[in-house]
Amino acid sequence: MKTRSRWLSPYVVMGAVLAMYGIKVALKLAIGREINSPTITGDGFHNVADLFEALIVLAVVAVSRLPPDERYPFGRKNVESIARACIGAGLLFTALHFAATSVMGLLGYAPGLEAAVREAFPFALPDPLPLRMGEDVVWWVLGVVFGSALLSFVVSAYEIRAGKAGGHPSMVADGQETRSDGMIETAILVGICAEYAFSAAWIEYPLGLGVAYLVARTGRELFSDGLAGLLQRSLGSEVEKAIREECLSTHGVREVEQVKTFRVGSAAVCILKILTDAPAGSHDDIKKALKKRLSARLAEREIDDAEFHLRFSRLPVPAERVAYAAVTDGRAIAVAPEIDGATHFIVCDMKRGEVARWTLEALPDACEGRLLDWLVAKRVGTLYLFGDRPATMLGPVRVAGVPSHCLRTLGLLEPPSIL
Amino acid sequence: MQNIHVRFGVSPSARTELAFAADLACRLRGGLFVWTEADPEADALLEGFGEPSAPVRESACVSDRVRLQIARMCIALAARFCRGDPRSAVRDGASIVVGEGDAAARPRAAVVAPKGEKALGARGADGICLPFAGGESAVEAAATAVPLAARLGAPLLLYHTTWREDGLPAAAPPERHMTEEASGVLARIRAMADLAGVRHRTRVETATTIAEGTVRAALDERCALIALARGRHVGRGSYVDQVLARSVIPVMVAGRSFA
């Protein structure tokens, strides 16, 4: 059996993430203080928060891996949705802050406009400071920022891959957050390079706005996905339509009465109510085939982990009672072409259009001339006569024609056996 | 020319059987024969009650209804009408009788139980599942199933379930548990399929029971039909009857002329 590489174990991956943040924090705080750079020092403190976030993700992963029990029948995977929503909200805040810093940085080139904006919004607006670096440390700064960005992209790719492979959306979300850090670090790097190479530090700010947009988009996705998991939003009409189609393409399934889908952590849960007329002994066969087919269908939509709860019900059995006007000589029976010629009536209990039970009854003497009353008392809805004729109403009873006078053709008798 | 025979009836299941038969006849470019029961005693009875032409009238009514149903299916097919019991009357080994109740009997022609389906492959399935073991019955079923698959352009799934051989390691592939007889039968069926130009694949496993394994494999592999033949020396508990009782996929039982 193929086993997943130990390098994709969530604990190994999160260990690497923690090590990365540890290195980044140490280097950024050291070099930031050395060159008195609020940008790099601030980013270092941001990474301290990331480090704690990674610890929380590690705890979330450990909790989500606990097996389902009586108190938590779907397991505790939804804890990942909480982490996902929180990381999403954090990213939205980061994007907002970064966008505000970039806007204010740009406005710094138009002091009059900047002053007007600060007057209109006298609080909470960031104040980007110019870098204060000497020639002797610039390569160290470039090395740390470039190394950080590179490390962020590499580790985020590793974390996202391992999160997807292990079905841990909180790890995927943390990986996406790390990738956003990498983009921000790249923007800072470009700003530093532009300032030193072309004396054009302003390039950092429009680039920062673009990065802020990307980070915000990731944050919105994560927040929305986390909320979807927490509020058990359906997987969407397209997915549910595909599930219905797959069910109806399986032999034995007559109707899909109910489809309910939602997510618990990374796992999709599908609750289906299937209507069938298949024998009870084959329900397990249909169930097994359905689970396999639905798993394959959902995998096409990148839903690799799905749990199915299938409930089978019989098709509703509309019951009615019909009668055939009949003639009999005591040995043979035939359906009569006219009511007047009938000597007897075959009263049938129908289930789903098939004859479930029938009796041959003579019209009682007391009902002579009062056929309609007798049929109504017998709760007969339709009276059939031999021959094609347009349906008419005899009081509340519908009178219609059948194409045969023979009881076997009409399904009232089994064909003769030749065994 | 492969003829399809079906009983006429007024119940929903009978209408489904007629639809299945009409579709099959159309796809095989064969003839469709619709049968009504012959009941001379009932005819005589109606004659005594002043209805001398009951069989003629019945025939007219039945043909009208059948033509109407075929017209609604939007297929070009001219049905022919017969009176009697197709189970005993159809003696052509190449013919197919469509009927749920007929599959439990042993007529000369092959019988297809539609299992509530209105057409072969109505759900997008196209394969024919042919279970085999070490006996001759699978070869006899293949004699009916292979030409049918060739005409329909359907692939064959050759299915075999076997007992575990004690001497083999647990991880040994199921093929190694096959007996020599079963391997021989598989070779013969493969040769028949190759000769007819029918695509085929083989699935061998160690299922709990033969009927369960057959039905589950057919469902898994999206087969539209399970083809079987009754063994000559089986008394009670025929696998054919077990599959008929369990299957939700149409089942074809090869006729007595082959078995």
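Here is how names work: the chains are called A, B, and so on, in the same order as the sequence lines, proteins then strands, and each is numbered from 1.
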Fill in: Minimum-distance pair of heavy atoms, taken over all atoms of L219(B) and D285(A)
CD1-O, 3.6 Å

Worksheet item: Any donor-acceptor pair under 3.5 Å linking the side chain of T409(A) with the backbone of E37(B)?
Response: yes

Worksheet entry | Side chain, backbone, both or neither of R222(B) within contact of chain A (heavy atoms, under 4.5 Å) | both

Worksheet item: Measuring heavy-atom distances to chain A, does D43(B) have an atom under 4.5 Å in its side chain, in its backbone, in both, or in neither?
Response: both

Worksheet item: Of all of L45(B), V62(B), V10(B), D39(B), which one pairs up most often with chain A through heavy atoms under 4.5 Å apart?
Response: L45(B)

Worksheet item: Does CZ in R379(A) sit with more than 12 non-hydrogen atoms of other residues, nucleotides or ligands closer than 6.0 Å?
Response: no

Worksheet entry | chain B contact via T343(A) - which portion, at a heavy-atom distance below 4.5 Å | side chain

Fill in: Structural part of A44(B) lying under 4.5 Å from a heavy atom of chain A
neither

Practice prompt. State the NE2-NZ distance between H251(A) and K115(B), to the nearest 0.5 angstrom.
Written response: 12.0 Å

Worksheet item: Is F33(B) atom CZ crowded by more than 12 heavy atoms from other residues, nucleotides or ligands, each under 6.0 Å away?
Response: yes

Worksheet item: Which atoms of R57(B) come close to chain A, meaning under 4.5 Å heavy atom to heavy atom: side chain ones, backbone ones, both, or neither?
Response: both

Practice prompt. Please examine the side chains of E41(B) and R331(A), heavy atoms only from C-beta on, and report whether any two atoms are closer than 4.5 Å.
Written response: yes

Discussion item. When you measure from the side chain of R7(B) to the backbone of R408(A), do you find a donor-acceptor pair of N or O atoms at a distance under 3.5 Å?
Written reply: no

Item to complete: Can you establish whether the number of heavy atoms outside R301(A) located under 6.0 Å from its atom CZ is more than 12?
Response: yes

Worksheet item: Is it the backbone or the side chain of I286(A) that comes under 4.5 Å from a heavy atom of chain B, or both, or neither?
Response: both

Item to complete: State, yes or no, whether a side-chain contact exists between C406(A) and E58(B) at a heavy-atom distance under 4.5 Å.
Response: yes

Item to complete: Please report the shortest heavy-atom distance between R65(B) and D388(A), naming the atom on each side.
Response: NH2-OD1, 3.4 Å

Fill in: Heavy-atom pair with the smallest gap, counting every atom of R123(B) and T250(A)
NH1-O, 2.7 Å

Worksheet item: Do L46(B) and P337(A) touch side chain to side chain, with heavy atoms closer than 4.5 Å?
Response: yes

Worksheet item: Most heavy-atom pairs under 4.5 angstrom with chain A, which of G116(B), G9(B), G124(B), G99(B)?
Response: G116(B)

Discussion item. One pair to check against side chain to side chain contact (heavy atoms under 4.5 Å, CB included): D220(B) and R293(A). What are the steps and the verdict?
Written reply: CA-CA 8 Å; D220(B) 271 359; R293(A) 288 177 178 200; over 6 Å; no

Worksheet item: Measuring heavy-atom distances to chain B, does D277(A) have an atom under 4.5 Å in its side chain, in its backbone, in both, or in neither?
Response: neither

Worksheet entry | Portion of F8(B) that has a non-hydrogen atom of chain A nearer than 4.5 angstrom | both

Response to the item:
Expected contact set for residues 347-355 of chain A against chain B at heavy-atom separation under 4.5 Å reads R352(A), G353(A), E354(A)

Worksheet entry | Heavy-atom pair of closest approach, residues A42(B) and I333(A) | CB-O, 3.8 Å

Worksheet item: Which bit of E245(A) is near chain B, if near means a heavy-atom gap under 4.5 Å: side chain, backbone, both or neither?
Response: neither

Worksheet item: For L410(A), is it the side chain, the backbone, both or neither that has a heavy atom under 4.5 Å from a heavy atom of chain B?
Response: both

